[in-house]
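Everything on this sheet refers to the single structure shown next.
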Protein chains: 4
Amino acid sequence: MATQGTIEHLRRRGRPRSESSRRAILRAASELLLEHGLSSISMDAVAERARASKATIYRWWPSKELLTLDAIFSEWATLAPERCDTGSLTGDLHALMLPWARAISARPYARVIAALLAKVQSDPDFGREYHARLVRPRRAHAATVFAMAIERGEIAPDTDIEAALDLLYGPFYLRLLQGHAALDDRFTHTTVDHVVAALTRPLT
Amino acid sequence: MATQGTIEHLRRRGRPRSESSRRAILRAASELLLEHGLSSISMDAVAERARASKATIYRWWPSKELLTLDAIFSEWATLAPERCDTGSLTGDLHALMLPWARAISARPYARVIAALLAKVQSDPDFGREYHARLVRPRRAHAATVFAMAIERGEIAPDTDIEAALDLLYGPFYLRLLQGHAALDDRFTHTTVDHVVAALTRPLT
Amino acid sequence: MATQGTIEHLRRRGRPRSESSRRAILRAASELLLEHGLSSISMDAVAERARASKATIYRWWPSKELLTLDAIFSEWATLAPERCDTGSLTGDLHALMLPWARAISARPYARVIAALLAKVQSDPDFGREYHARLVRPRRAHAATVFAMAIERGEIAPDTDIEAALDLLYGPFYLRLLQGHAALDDRFTHTTVDHVVAALTRPLT
Amino acid sequence: MATQGTIEHLRRRGRPRSESSRRAILRAASELLLEHGLSSISMDAVAERARASKATIYRWWPSKELLTLDAIFSEWATLAPERCDTGSLTGDLHALMLPWARAISARPYARVIAALLAKVQSDPDFGREYHARLVRPRRAHAATVFAMAIERGEIAPDTDIEAALDLLYGPFYLRLLQGHAALDDRFTHTTVDHVVAALTRPLT
DNA sequence: TCCTAACCGAGACGGTACGTCGCGTCTTAGG
DNA sequence: CCTAAGACGCGACGTACCGTCTCGGTTAGGA
């Protein structure tokens with residue numbers, strides 16, 4: 001078949017990429033990341049722990065940050081945002097935010113997120129990648145929740161969805177990054193309630 | 001006078017710290033910071049531009065981040081949050097947030113804030129210093145605004161002030177750091193209105 | 001061949017050491033050494049002149065002194081002590097000492113030798129290396145000259161060879177290091193004659 | 001009296017130099033010198049141990065080496081070469097060299113001498129000072145011993161005194177600096193005997 | 001069954017910045 | 001005028017990572 005033939009032709013000639021090496025590198029990066037934070041780990045350390053060559057790492061990941069992105073993304077891939085349609089905006093937001101808030105505060109992800117956000121500021125290419133992997137999916141999910149609320153008539157049709165998303169996620173990120181107070185279930189409830197209250201009352 | 005005499009005796013023995021050198025270092029740090037971001041500047045570069053010795057820098061600032069903190073704090077010291085009692089929560093919050101949002105988005109402070117927040121994650125001492133200098137003052141100011149609103153009966157007396165502060169500042173930090181949308185006056189108005197709406201409506 | 005195969009297997013795994021870099025470093029060290037002396041040259045200067053990295057230098061030479069030792073040894077390797085059997089102790093010693101005395105006084109080696117001898121005092125490992133490279137070979141050569149003289153019956157069989165070697169080399173080193181008088185051919189002749197006279201007359 | 005008046009005028013106006021400070025500095029320098037060697041001590045360390053200011057040290061000693069010279073000279077001042085006329089060259093040389101050889105090998109003076117000789121190579125002014133303090137006196141003393149031997153007819157009147165002095169002292173310095181063999185009484189005896197034999201036998 | 005391309009590890013390479021140390025000078029207060 | 005304390009500009013230290021590069025060796029498909 002043509003397609004299969006094409007694929008077969010696209011299969012590179014020489015030795016194929018080592019899957020075990022790829023996994024070892026991502027695993028080593030994840031471990032070091034959560035242990036020491038991004039800034040204090042080095043490519044040398046990742047290579048040594050993964051028993052891999054630095055050249056191999058650089059062949060597949062252009063920078064430490066993109067490697068990091070892959071590493072935590074592959075960890076979070078399991079934590080897929082599930083479909084949850086409870087029938088009310090409050091219920092949907094709770095269903096969406098509670099597991100997420102628990103997940104990001106359960107492990108020292110704050111240092112990883114903070115480091116990646118620092119990289120975003122100075123590297124637009126990385127910024128795009130960061131958004132596509134870590135930001136857009138969750139915002140899209142929350143956006144559908146808001147869209148359903150509009151359909152149900154709970155909130156105004158002309159609601160500024162982007163501002164609403166920032167109102168929802170902003171407080172969580174702030175506590176995560178500044179660490180001035182606990183990111184617990186109580187806070188999640190309060191914040192979700194605030195957001196619902198802000199959107200269901202027509203803006204004066 | 002006795003007090004003056006005491007102070008004179010407390011004056012340390014050796015050569016006093018050079019004020020001109022201190023200013024030159026902070027100035028050089030500020031300039032390089034806004035030009036290139038924290039991660040890509042070096043102590044060597046700061047020392048060279050300030051015509052100072054690296055040893056002098058390290059004598060007074062244990063780390064690049066604490067130097068940065070001092071540098072931008074001395075810049076923002078002029079930007080003191082003014083007293084603003086407009087008579088309504090909406091008015092007060094606008095008066096508080098509009099100049100601040102304009103200021104932090106006018107210059108490339110995002111990369112600086114992001115880098116400092118990254119450092120906060122891994123260095124508790126620095127975290128305390130960061131809070132005392134950059135976080136606490138602004139939150140305290142906003143807290144008095146909320147307190148006045150409680151006095152006026154605009155919002156409930158049992159309002160969770162901390163959560164309210166996060167609801168207010170979170171969205172701004174999120175746009176600042178993620179850069180996914182403009183941090184303009186329109187956004188400030190929308191967010192302030194959201195916060196007021198969230199707090200004036202009793203939580204269900 | 002088996003042996004060759006073994007050698008081929010012993011070839012270390014990674015990128016082999018750069019021979020051109022090694023030579024450039026030794027050459028730069030030699031030049032700077034004779035220009036400015038050991039104490040006033042820096043590893044930075046050597047690295048810059050050799051267009052090499054400081055890390056590369058430290059990878060192969062633990063200290064400035066061992067680098068120096070290698071550098072002047074590779075210069076002196078050409079100045080190999082030739083075989084000279086003239087038939088008499090006086091003739092042999094002249095043949096041995098005249099070229100050497102001329103060589104060490106022709107260039108500013110005194111500052112190098114002095115600096116290395118200073119290092120010898122505080123670093124036993126370096127002392128061993130210094131002896132093996134710069135001291136032992138010449139003393140061994142002179143020792144054979146004395147041995148031949150014993151065989152010929154010119155000097156007593158129970159001559160204290162070590163003391164004789166010190167009697168021979170000591171005066172040269174003293175003038176070289178203290179610089180109180182010229183280290184010229186006349187001095188070489190006088191000293192050699194003194195040594196011969198001291199050894200050929202039976203000690204009372 | 002005029003002279004006294006002149007002296008009184010030459011007496012500087014202000015606070016006189018502190019003798020206790022001078023002694024403390026020399027003492028600290030001596031201790032550190034023999035403990036660690038010249039190259040690994042610092043002016044800061046001397047100042048700290050002597051509880052003196054660095055400025056005070058630099059006011060009176062232009063360099064570390066000249067301070068060192070003063071320090072060991074003040075130690076050796078007690079070890080004055082005594083007058084010793086035994087009636088024979090051998091006896092005089094033994095009387096001269098035995099105490100000296102014992103003294104310089106009893107403590108770790110080798111590292112001090114070696115460091116000073118290294119400085120001599122690169123600093124002519126220091127070289128002159130070094131000779132005047134440590135070299136000339138001893139050579140002058142030995143020269144008078146040789147002069148007496150000439151008067152007594154033990155050695156030739158046209159003996160090259162400078163070469164003879166180098167023949168005498170060279171072996172001792174060589175063993176002291178190279179440390180390849182013990183600088184014991186036996187070696188002193190052997191060397192003195194060699195020197196006497198070399199000088200009493202007419203050069204061919 | 002070879003050939004050859006692309007992979008892999010190990011590790012040396014030229015750089016840049018690090019944080020520290022010592023130098024010799026200076027600026028204070030005080031004896 | 002001297003002394004102590006100690007900050008200063010300067011330059012070198014030895015180390016850690018960076019991203020690149022050369023090796024020998026491995027693993028596949030294509031000839």
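Worth knowing before you read on, the calculation uses all heavy atoms, side chains too, and leaves out hydrogens, waters and symmetry mates. Proteins get letters first, then strands, A, B, ... in listed order; numbering begins at 1 in each.
Protein atom CZ of C:Arg13 is 6 Å distant from nucleotide atom C1' of E:dA10, rounded to whole Å. C:Trp61 places its CH2 atom 13 Å from the P atom of E:dA12, with the value rounded to the nearest Å. Residue D:Leu67 contributes atom CG, which lies 11 Å from atom P of E:dG24 at whole-angstrom precision. If you measure from atom CD of B:Glu19 to atom P of E:dT27, you get 16 Å, rounded to the nearest angstrom. One interatomic measurement links the two molecules: CG of B:Leu66 to C1' of E:dG19, which rounds to 15 Å at whole-angstrom precision. To the nearest angstrom, C1' of F:dA4 lies 11 Å from CD1 of D:Ile25.
The ring pair (Phe, Tyr, Trp, His ring centres under 6.0 Å) check on B:Tyr109 picks up B:Trp76, with sequence neighbours excluded. Every residue meeting the side-chain hydrogen bond (donor to acceptor under 3.5 Å, both in side chains) condition with B:Arg133, not counting sequence neighbours, appears here in chain and number order: B:Asp70, B:Glu129.
For the segment residues 41-60 of chain C, residues with any heavy atom less than 4.0 angstrom from an atom of DNA chain F are, sorted by number, C:Ser42, C:Met43, C:Asp44, C:Lys54, C:Tyr58. Listed by residue number, there are no residues of residues 26-40 of chain A with a heavy-atom contact under 4.0 Å to DNA chain F. Within residues 118-130 of chain B, no residue approaches DNA chain F, by heavy-atom distance under 4.0 Å.
For the atom pair B:Ile72 CD1 and B:Ile113 CD1, the distance stands at 4.5 Å (nearest 0.5 Å). Between the OG atom of B:Ser30 and the CD1 atom of B:Ile25 there is a distance of 12.0 Å, given to the nearest 0.5 Å. To the nearest 0.5 Å, the span separating NZ on D:Lys119 from CD on D:Glu65 amounts to 4.0 Å.
Contact check for A:Leu38 versus A:Leu32: no side-chain heavy atoms found under the 4.5 Å cut-off. Under the 4.5 Å side-chain criterion, counting only non-hydrogen atoms from C-beta, A:Leu26 is in contact with A:Trp61.
Looking at which nucleotide of DNA chain E each of C:Gly14 and B:Pro62 is closest to, the 5′-most match is held by C:Gly14.
Formation of a donor-acceptor pair under 3.5 Å by the A:Gln121 side chain with backbone atoms of A:Leu117 is found in this model. A donor-acceptor contact shorter than 3.5 Å is absent between the side chain of C:Ser21 and the backbone of C:Ser18.
For E:dC7, its base never sits under 3.5 Å from the side chain of A:Arg17 at any donor and acceptor pair. The base of F:dC2 sits within donor-acceptor range of the side chain of D:Arg15, with an N or O pair under 3.5 Å.
For the pair A:Arg22 and A:Trp60, the cation-pi criterion (under 6.0 Å, within 45° of the ring axis) is not fulfilled.
Side-chain N/O atoms of C:Ser21 include one lying less than 4.0 angstrom from OP1 or OP2 on E:dG14.
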Side chains of residues 43-53 of chain C: which donor-acceptor partners sit under 3.5 Å, not counting sequence neighbours?
unit_1	atom_1	unit_2	atom_2	d
C:Arg49	NH1	C:Glu31	OE1	2.6
C:Arg49	NH1	C:Glu35	OE2	3.4
C:Ser53	OG	C:Ala55	N	3.1

